[in-house]
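Below: one structure, written as structure tokens.
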Amino acid sequence: MIYLSAFADEISADPSEQLDTLLIHSIRFVEFRSIFGTNVLDLTTEQHEQFRTMLQERGMGLSAIGSPIGKIKADEPFEPHLDRYKIALDLCDFYECPRIRVFSYYIPEGTEPEAHRDEVIRRMTAMAKIAEERGVTLLLENEKGIYGDTAERVKDLLDAVHSPALGHAFDPANYLEVGQPVDKAWSMLRDRVAHFHVKDYDTKLKKNVPAGEGEGMIPQLIADAVAKGFDGYCVLEPHLVVAEASYGFTGPDRFGDAAVALQTALSREGVTYA
């Protein structure tokens, strides 16, 4: 079984509009990145309490804390960032959601990724050890400009850290953006994928498109994963209007297009979802 979720801040900054739009499209989970234009790690205790109540009243939950952990340069100080990471861990307890989306650090301009491999592995190992102790799974997303932007480096990280608390959040569009064929990335990482980010990409138009309309092979990959026993979340992150390094926006109308496209494509593949 797979469960549909979404980065609901792509719909609106207003949490009520976020959640109500998801429910219109029968999506009951949120990858919690922001509300009111404020990142999940920077919200007040009162705001978190209000949002948790809104989720409970609607019978909804979180697929993961959509944190920005790992989105600093690989040569920036790690200790202050580790303090931010601990906020995300505490939010896992607060929301009863033992999953955090993370990244593997930006490569400083003018340097090669290999020059930062040891430091990135040191940081990811330290975070994974803490996650193991806290009963949390870290979901490592591939992204352009990050150490783990290619399947080869993502696999290297997963192998080197070698922790049950670190899995892969597979983002087909992000692989396409760095020139990586999705079928190659999938063949290397299918057994390590713990989470899907549903973002498709058309390399000719150089823009994000609804699932199934680009080269991301999203319906086929999800069907293949389910056939091999995948049990987890497929998270809509359409980026249909704005697609920036730290921000994506789709709006309620285009989000509806993205949700219908994914659900239709999954039904065609015979994939059952909730």
Side-chain angles (χ1 to χ4, degrees), residues 2-69 71 87-88 91-92 94-103 139 141 143 169-174 195-200 208-211 218 222 232-264 266 273-274:
I2 65 169
Y3 303 90
L4 301 188
S5 181
F7 285 90
D9 56 355
E10 290 220 3
I11 296 167
S12 168
D14 179 352
S16 293
E17 187 174 14
Q18 289 182 12
L19 301 184
D20 291 345
T21 300
L22 291 185
L23 289 179
I24 288 170
H25 298 286
S26 301
I27 297 173
R28 309 194 71 85
F29 294 95
V30 178
E31 196 100 337
F32 190 16
R33 184 168 52 192
S34 72
I35 53 175
F36 302 123
T38 301
N39 186 269
V40 62
L41 300 187
D42 299 315
L43 293 165
T44 66
T45 299
E46 182 181 17
Q47 287 173 318
H48 279 298
E49 289 173 347
Q50 290 173 345
F51 189 64
R52 182 174 64 177
T53 297
M54 294 171 68
L55 290 167
Q56 291 170 343
E57 288 174 346
R58 292 165 172 81
M60 301 178 74
L62 301 187
S63 55
I65 304 297
S67 85
I69 295 301
K71 275 199 165 186
I87 295 173
L91 289 177
C92 286
F94 182 82
Y95 286 101
E96 299 182 349
C97 172
R99 293 170 294 277
I100 304 173
R101 183 273 301 267
V102 298
F103 298 89
L139 304 165
E141 180 178 351
E143 182 166 316
F170 192 95
D171 190 313
N174 288 352
H195 210 64
F196 280 98
H197 283 174
V198 179
K199 183 182 336 120
D200 212 341
N208 295 106
V209 294
I218 290 169
I222 294 174
Y233 296 91
C234 294
V235 186
L236 277 161
E237 189 186 15
H239 282 22
L240 296 185
V241 175
V242 177
E244 302 292 345
S246 59
Y247 175 67
F249 183 73
T250 299
D253 293 336
R254 294 302 310 279
F255 181 84
D257 296 338
V260 170
L262 173 62
Q263 291 163 340
T264 300
L266 292 179
Y273 57 86

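Count residues from 1 along the sequence.
When side chains are defined from C-beta on, E17 counts as touching P252, because their heavy atoms get closer than 4.5 Å. The side-chain heavy atoms of F32 and L43, taken from C-beta on, include a pair separated by under 4.5 Å. When side chains are defined from C-beta on, L41 counts as touching I69, because their heavy atoms get closer than 4.5 Å. Contact check for L4 versus L236: no side-chain heavy atoms found under the 4.5 Å cut-off. Between T53 and E49, every side-chain heavy-atom pair lies at or beyond the 4.5 Å cut-off.
Ring geometry, F7 versus H197: the interplanar angle exceeds 60°, so the pair is classed perpendicular (tilted spans 30 to 60°).
Using a 3.5 Å distance cut-off with no hydrogens or angles, the side chains of N174 and K199 do pair a donor with an acceptor.
E141 contributes no side-chain N or O that, together with a main-chain N or O of F103, makes up a donor-acceptor pair within less than 3.5 Å. Between the R101 side chain and the G66 main chain, a donor and an acceptor come within less than 3.5 Å of each other.
Nearest heavy atom pair, residue G37 against residue A13, reads N-CB, 3.8 Å. Across every non-hydrogen atom of I35 and Q47, the tightest pair is CD1-O, 4.5 Å. When all heavy atoms are compared, the tightest approach of I222 to L266 is CG2-CD2, 3.8 Å. L91 approaches V40 most closely through the heavy-atom pair CD1-O, 3.7 Å. Smallest separation of non-hydrogen atoms from A8 and Q18: O-CG, 3.2 Å. Minimum heavy-atom separation, S34 to D9: OG-OD2, 2.8 Å.
A distance of 12.0 Å separates CD1 of I87 from CD1 of I65, quoted to the nearest 0.5 Å. The CG atom of L19 sits 9.0 Å away from the CG atom of D14 when rounded to the nearest 0.5 Å. Within the model, atoms CG of L22 and CD1 of I11 stand 4.0 Å from one another, a figure rounded to the nearest 0.5 Å. A distance of 7.0 Å separates CG of L55 from OH of Y95, quoted to the nearest 0.5 Å. Between the CZ atom of F255 and the CD atom of E10 there is a distance of 8.0 Å, given to the nearest 0.5 Å. With rounding to the nearest 0.5 Å, the separation of CG in N208 from CD in E237 is 8.5 Å.
For residues 55-67, every residue pair satisfying the side chain to side chain donor-acceptor pair (under 3.5 Å) rule, not counting sequence neighbours, is listed here: S5-S63, D20-R58, E31-S63.
Here R28 pairs with nothing under the salt bridge (charged side-chain N to carboxylate O under 4.0 Å, His left out) rule; sequence neighbours left out. Among residues two or more places apart in sequence or in another chain, the salt bridge (charged side-chain N to carboxylate O under 4.0 Å, His left out) test is passed with D42 by R84.
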